[in-house]
Structure formats: C-alpha cells, structure tokens
Amino acid sequence: MTGPSGRRTGGVQSVERSLELLELLADAGGDVTLSQLAASSGLPAPTIHRLLRTLAAAGYVRQEESRRYALGPRLIRLGEAANRMLGTWAAPHLRSLMKALGETANLALLDGDEAVYVAQVQSQHAMRIFTEVGRHVSLHSTGVGKALLALKSDEEVRAILDRTGMPARTPRTITRRRKFFEELASIRARGYAIDDGEQEVGVRCVALTVAGTPTPTALSVSGPEARITDDVVANAVPLLQQAATELAAELSYQERES
C-alpha cells in the first residue's frame with residue numbers, strides 16, 4: 001500500500017506523513033505554503049496543519065510571519081550528524097580509490113549554490129592535493145561542482161549562475177555561458193566531469209555523481225595535473241563508477257517486506 005505521494009505505508013502513519021512533509025519542504029527549497037503542501041502531498045489541510053503544529057513545537061518546522069512554513073533550526077543538528085555519518089560510510093570507498101589510483105579521493109555534497117567537501121582520503125605522495133573537509137567551492141569551476149550541476153536542467157543551472165556569476169578562479173576557468181553549457185552537455189553524455197586546472201592552477205580532478213542520494217553527492221579523485229593524465233582518468237572513471245554504485249546501495253533505504 002502506498003500513501004498519497006507514493007510512499008509505502010505500513011509503519012506509523014503520522015510519522016510517515018510528518019517525514020513526507022519535511023521532504024516536501026526540502027524539495028520546495030525549505031519554504032512553502034500550506035496550500036502548496038496540500039497540493040503536493042494529497043493530504044487534507046487540517047491533517048497537514050496538525051502535523052506541522054507538532055513539528056513546529058519540536059523545532060523541526062517554523063511558521064514565518066507570512067504564514068508560510070519553513071524547515072526549523074533543530075534539523076541543522078541532525079543534518080550535521082548525518083553528514084559526519086556519510087563521511088564515515090564513504091571512507092572505505094575513498095580509501096579503495098586512493099589505494100588503486102594513488103591520488104586523493106573526495107566526497108562532496110551540493111549545499112545551496114556551492115559544493116561542500118564532507119570526506120577525504122589523502123594521497124600518500126609527498127606532493128599531493130588536498131581540500132579541507134568542510135570547504136565550500138564554486139560549482140562552475142570544480143569537477144564535483146560541474147558533475148552536480150549536470151544533474152540539473154539548463155533552466156536550473158541558469159538560475160544558479162544568475163545568483164553566483166562565473167568568476168575566473170584560474171586562467172582556465174570557463175566563464176562564458178555558452179561554452180559552459182556545452183561542457184555540461186559533454187558531462188551528461190560521458191557520465192563524468194573533469195576540472196582541468198579550473199579551480200586551482202596545476203590541479204586536475206575527475207568526478208562523478210552518486211545516484212539516488214537524498215542530497216546530490218559527488219565522488220572525485222584529484223592530484224597534480226602532471227600525474228592525472230588522460231590514461232589515469234580512463235582508469236579512474238570505472239573505479240569511481242564502482243565506488244558510486246556501492247555507496248549508493250549502502251545509502252539506499254531498503255524496506256522490509258511484511
């Protein structure tokens with residue numbers, strides 16, 4: 001049996017519906033009206049109002065002066081804890097990538113109009129590339145960022161670029177929209193992105209996304225461009241794909257058959 005939005009039921013209905021409302025709030029950008037929630041969920045407005053009132057009392061939802069509903073501050077703590085756990089779950093895959101390729105392996109999430117690195121295993125080379133965990137980077141100039149943008153429609157990408165611009169991080173950064181959309185089309189066709197010294201001079205990175213994650217997620221391998229040759233990229237892509245598939249399987253929610 002499924003609920004109004006296709007969620008399988010069988011647990012505690014009020015909990016399932018509350019979680020569904022939180023997910024709809026997140027999908028809407030974190031801010032929505034009661035009528036929009038009713039249209040999206042298929043639930044009666046009085047039911048939604050009752051559930052939101054309970055969530056608001058616990059700090060997971062807040063009602064703005066405009067009467068719109070927004071995600072509440074208590075979710076921040078849960079999100080931070082979940083990000084730490086994601087790094088823990090990804091660590092074995094990142095270690096395997098580093099050992100197989102000899103270069104630094106990273107995990108990044110989409111965070112608003114930026115990407116944020118949440119886990120990393122550094123190369124053992126004396127000369128190595130590392131990005132601090134917790135660092136936010138631009139989407140248009142990084143491998144993980146371009147891979148994450150390739151998941152979105154061109155209209156969504158334009159809206160992001162309208163807000164962020166396309167500043168040149170290095171002389172190789174793509175700063176013209178027409179060329180950038182051609183790059184996104186190539187990424188979608190081949191299934192992975194390359195940062196060819198576009199974020200940092202002398203650094204090359206290959207990245208691809210992890211399917212089915214609640215927050216858009218990307219894996220990457222990065223190193224000095226002298227070592228990240230086209231042959232290394234060709235070897236890295238299937239290993240990244242395997243790691244992404246395995247991580248996605250571990251993160252997926254498997255419901256037990258009753």
Side-chain angles (χ1 to χ4, degrees), residues 1-93 107-119 133-134 148 151-153 156 209-219 243-258:
M1 178 180 177
T2 59
S5 66
R7 182 192 296 278
R8 291 185 63 185
T9 61
V12 179
Q13 189 178 65
S14 60
V15 174
E16 291 179 340
R17 288 176 168 178
S18 296
L19 292 173
E20 181 179 2
L21 293 177
L22 289 174
E23 290 178 1
L24 290 172
L25 271 166
D27 291 343
D31 180 80
V32 73
T33 65
L34 182 66
S35 60
Q36 288 172 324
L37 282 175
S40 299
S41 68
L43 296 172
T47 299
I48 295 174
H49 186 263
R50 183 179 69 255
L51 294 172
L52 290 177
R53 192 167 60 236
T54 301
L55 290 169
Y60 296 114
V61 168
R62 59 181 294 173
Q63 188 173 24
E64 309 289 3
E65 291 183 3
S66 64
R67 309 300 292 175
R68 295 174 67 88
Y69 288 93
L71 294 174
R74 196 167 182 185
L75 290 170
I76 296 173
R77 181 171 64 87
L78 297 181
E80 290 174 345
N83 280 346
R84 289 194 296 270
M85 289 306 301
L86 179 57
T88 299
W89 295 324
H93 304 286
L107 183 76
L109 304 180
L110 183 65
D111 186 15
D113 291 341
E114 296 178 310
V116 58
Y117 290 96
V118 296
V133 171
L148 292 168
L151 294 173
K152 295 184 172 293
S153 68
E156 290 173 312
T209 54
V210 181
T213 55
T215 298
T217 303
L219 287 167
T245 299
E246 292 173 353
L247 181 57
E250 292 175 11
L251 296 176
S252 65
Y253 175 64
Q254 302 292 337
E255 290 190 332
R256 295 181 178 179
E257 294 291 337
S258 57

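Values below: every heavy atom of this structure, side chains too, minus hydrogens, waters and symmetry copies.
Taking all atoms of both residues into account, the shortest heavy-atom contact from Thr213 to Val210 is OG1-O, 3.5 Å. Between Leu151 and Pro216, the shortest heavy-atom distance links the atoms CD1-CB, 4.2 Å. Trp89 and Glu250 make their closest contact through O-OE1, 4.0 Å (heavy atoms, listed as atom of the first residue, atom of the second, distance). Nearest heavy-atom pair across Leu148 and Ala115 is CD1-CB, 4.1 Å. When every heavy atom of Ala70 is checked against every heavy atom of Glu64, the shortest pair comes out as CB-OE2, 3.4 Å.
The CG atom of Leu51 sits 9.5 Å away from the CG atom of Leu22 when rounded to the nearest 0.5 Å. One distance of note links CG of Leu219 with CG of Leu107; it measures 5.5 Å at 0.5 Å rounding. Atom CD of Glu20 sits about 9.0 Å away from atom OG of Ser40, to the nearest 0.5 Å. Taking CG of Leu25 as the start and CG of Leu71 as the end, the distance is 5.0 Å to the nearest 0.5 Å. With values rounded to the nearest 0.5 angstrom, Thr245 atom OG1 is found 10.5 Å from His93 atom NE2.
Side-chain contact between Arg17 and Thr47: present, with at least one pair of heavy atoms (C-beta onward) separated by less than 4.5 Å. Between Ser18 and Thr54 the shortest side-chain heavy-atom distance does not fall below 4.5 Å. Two residues are said to be in side-chain contact when any heavy atoms from C-beta on lie closer than 4.5 Å; Leu21 and Val61 fail this criterion. Residues Leu110 and Lys152 are in side-chain contact: their nearest non-hydrogen atoms beyond the backbone lie under 4.5 Å apart. Here the side chains of Leu24 and Val32 are not in contact, with every heavy-atom distance at 4.5 Å or above.
Every side-chain hydrogen bond (donor to acceptor under 3.5 Å, both in side chains) that Arg53 has, sequence neighbours left out, goes to His49.
The backbone N or O of Ala211 sits nowhere less than 3.5 Å from a side-chain atom of Thr209 that would complete a donor-acceptor pair. Looking at Arg62, its side chain never comes within 3.5 Å of a backbone N or O of Pro73 through a donor-acceptor pair.
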